[in-house]
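It should be emphasised that the depicted structure is a prediction, and the values quoted were computed from it without experimental measurement.
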Protein chains: 2
Amino acid sequence: MPDRRGYGEACAVAHALDAIGDRWALLVVRELRLGPKRYSDLQASLPGAGPNVLSRRLRELEESGVLRRRVLPPPAGARVYELTPWGAELEPVFRALARWGIGSPVPRRGRLSADSIMLGLRTFFDNEAATDPARRWTALYEFRLDQDVYRLRVVDGRIEELIRGDTGGAADVVVAGSSTAVQQALEGDIGSAVTITGDREALNRLLDAAGARV
Amino acid sequence: MPDRRGYGEACAVAHALDAIGDRWALLVVRELRLGPKRYSDLQASLPGAGPNVLSRRLRELEESGVLRRRVLPPPAGARVYELTPWGAELEPVFRALARWGIGSPVPRRGRLSADSIMLGLRTFFDNEAATDPARRWTALYEFRLDQDVYRLRVVDGRIEELIRGDTGGAADVVVAGSSTAVQQALEGDIGSAVTITGDREALNRLLDAAGARV
DNA sequence: CCGCATCCCCAAAGATACTG
DNA sequence: CAGTATCTTTGGGGATGCGG
């Protein structure tokens, strides 16, 4: 008899699903892809998941080695959840899932969280295009969506860094606005309330390389 | 309000999970990766899933465009389930999941189905090694596991074909045995009851390229 | 037979309230 | 802030049965 409700198969796919196949599990992991978060942050990012479900998923994901709890050093002292190295290796899974999901015959609808917008940019960014000399540029971007700040660094046409945190004023471009406005802008609504400061050409290169999909 | 129990997000990952995130859904798809199957075949391959769950998943997967029902031409006349082109594009997802799952800190245990053994060979086969001239070989393999027969073709060090069906006697090697015996053999149990007929060297190349993992 | 539908039971998810 | 306790609702597991 399997522990909880596993598939009881030795198949590597089934084994992966034993770890991250439960409802909300993979979305919890997604929320940690750009860095550690506290319980309340996760709760706010995943409004559909109740606190009991969330705490249970966190416990199970910790037991299976996908994430770990950590207490930040004083004076912060907050408890945060962060991916283990093995959990961080789920990136190819996210990439494959997102690229598959984007081709769905049934349309996607709904809001994108600030994190999802940034992760989408990275997912659909075409790293291979860096072989084309005309597309090998370098730039530092800062995105300010709702209350969250992200730093994105492109070096020679490749995304080298995407992290929660600011650029200390060193950004070539700063994009600021509500996450909904930025989402609409990426979907082609050119009139939405997004503030762009700095090198617009660098921003266009980024959006072009990402195919303007998120 | 979302249709059934979707995540209600526009995120491409969440949207993918809306389609294949439900319990058993991705394992149903896995069962169809090597070709169409009938309902009873699926039921036999997934003993843990009850008939109600199975038929429901099939209906949902059909609605979301992952698979379709088809009636085989006479005299067979059987109803089979097969992947749509979009469903077949889940291959990178399986590849990423399997390669992640194999690195799990908690050990895998349990039986491998005949299909899973063959799919594992393909998943962990190193296609990139084909750049090495010493590993560019060509061979036709036939595997007979339990009642199932598989044809696997390697051309210039790459797996060009893996299908349910025999080789019409044209195979360079034939591997026959129970799926459990073959699984044990691949796990290193050299004494298990597997019959190998033909070019053993070609078989060794294949197992080596797959890292003997399934 | 094969392809499900129905039924019953339990476990998991959803919602809300509450506590160390 | 970070969860637990509790209750209701929904979905999954397993058996049985029925129509084509």
Side-chain angles (χ1 to χ4, degrees), chain A residues 1-9 14 17-28 31-32 36-64 67-82 147, chain B residues 1-9 14 17-28 31-32 36-64 67-72 74-82 110 147:
Chain A
M1 217 58 165
D3 312 305
R4 268 181 31 261
R5 204 183 51 147
Y7 289 110
E9 287 187 39
L17 293 176
D18 280 339
I20 46 87
D22 279 341
R23 187 157 169 77
W24 294 111
L26 204 54
L27 295 189
V28 169
E31 293 302 317
L32 300 177
K37 279 189 176 179
R38 292 176 304 176
Y39 183 90
S40 50
D41 296 328
L42 290 169
Q43 200 170 233
S45 311
L46 303 167
N52 49 356
V53 180
L54 182 54
S55 71
R56 185 171 166 175
R57 279 302 97 82
L58 288 168
R59 198 180 329 120
E60 293 163 352
L61 288 169
E62 189 177 13
E63 285 167 4
S64 51
L67 54 82
R68 70 167 76 102
R69 293 179 52 163
R70 190 162 58 92
V71 179
L72 291 184
R79 274 161 284 194
V80 294
Y81 294 89
E82 64 182 3
Q147 314 309 328
Chain B
M1 216 57 165
D3 312 305
R4 270 181 29 260
R5 202 183 50 149
Y7 290 110
E9 288 186 39
L17 293 176
D18 280 338
I20 47 88
D22 278 341
R23 188 158 168 78
W24 293 110
L26 205 55
L27 295 189
V28 168
E31 292 303 316
L32 300 177
K37 279 188 175 180
R38 292 177 305 176
Y39 183 91
S40 50
D41 296 329
L42 290 169
Q43 198 169 229
S45 311
L46 304 168
N52 49 353
V53 180
L54 183 53
S55 71
R56 186 173 165 176
R57 282 300 98 84
L58 289 169
R59 199 180 329 119
E60 293 163 352
L61 288 169
E62 188 178 13
E63 284 167 4
S64 53
L67 55 81
R68 71 167 74 102
R69 293 176 52 162
R70 189 163 59 92
V71 179
L72 291 184
R79 274 160 285 193
V80 294
Y81 295 88
E82 64 182 2
Q147 314 309 327

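The nearest whole Å value for the distance from the CD atom in A/E62 to the P atom in D/dG3 is 10 Å. Put simply, CG on B/L54 is 17 Å from P on D/dG11, counting in whole angstrom units. At whole-Å resolution of the value, NZ in A/K37 and P in D/dA2 are 13 Å apart. The separation between A/R5 atom CZ and C/dA11 atom P is 11 Å, rounded to whole Å. As rounded to whole Å, 14 Å separates atom C1' of D/dA2 from atom CG of A/L72. In this structure, A/Y7 atom OH and D/dG12 atom C1' are separated by 11 Å, rounded to whole Å. Protein atom CG of A/L27 is 14 Å distant from nucleotide atom C1' of C/dA13, rounded to whole Å. What separates CZ of A/R38 from C1' of D/dC1 is a distance of 8 Å, to the nearest Å.
The rotation axes computed at either terminus of the helix from C/dC1-D/dG20 to C/dT19-D/dA2 lie 30° apart, taking five pairs at each end and rounding to 10 degrees.
The stretch residues 43-53 of chain A touches DNA chain D through A/P51, A/N52, each having a heavy atom within less than 4.0 Å of the strand.
Under 4.0 angstrom from either OP1 or OP2 of C/dG14 there lies at least one side-chain N or O belonging to A/R23. Regarding contacts with the backbone of C/dC2, every side-chain N or O of B/Y81 stays at 4.0 angstrom or more from both OP1 and OP2. Between B/S40 and the phosphate of C/dC2, there is no side-chain N or O to OP1/OP2 separation shorter than 4.0 Å. Proximity of A/R57 to the phosphate of C/dA13: a side-chain N or O atom is located under 4.0 Å from OP1 or OP2. For B/S55 and C/dA5, the shortest distance from a side-chain N or O to OP1 or OP2 is below 4.0 Å. Put simply, A/R56 has a side-chain N or O that comes within less than 4.0 Å of OP1 or OP2 on C/dA12.
Using cut-offs of 30° and 60° for the angle between ring planes, the A/Y39 and A/Y81 rings count as tilted.
Scanning all heavy atoms of the two residues, the minimum distance from A/L42 to A/L32 falls at CD2-CD2, 4.0 Å. What you find for A/L61 and A/A19 is that their closest heavy atoms are CD2-O, 3.5 Å. In this structure, B/I20 and B/A25 approach most closely via the heavy-atom pair O-CB, 3.8 Å. Summarising the geometry of A/R57 relative to A/R23, their closest heavy-atom pair is NH1-O, 2.9 Å, with the distance given to 0.1 Å.
Using a cut-off of 4.0 Å between Lys/Arg side-chain N and Asp/Glu carboxylate O, B/R56 and B/E60 are scored as salt-bridged.
Residues A/R38 and A/R79 are not in side-chain contact: their nearest non-hydrogen atoms beyond the backbone lie 4.5 Å or more apart.
Residue B/R59 is the one, among A/W24 and B/R59, whose nearest nucleotide of DNA chain C lies closer to the 5' end (criterion: closest heavy atom).
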Steps toward side chain to side chain contact (heavy atoms under 4.5 Å, CB included) verdict (A/D22, A/R5): CA-CA 10 Å; A/D22 279 341; A/R5 204 183 51 147; 3.9 Å; yes

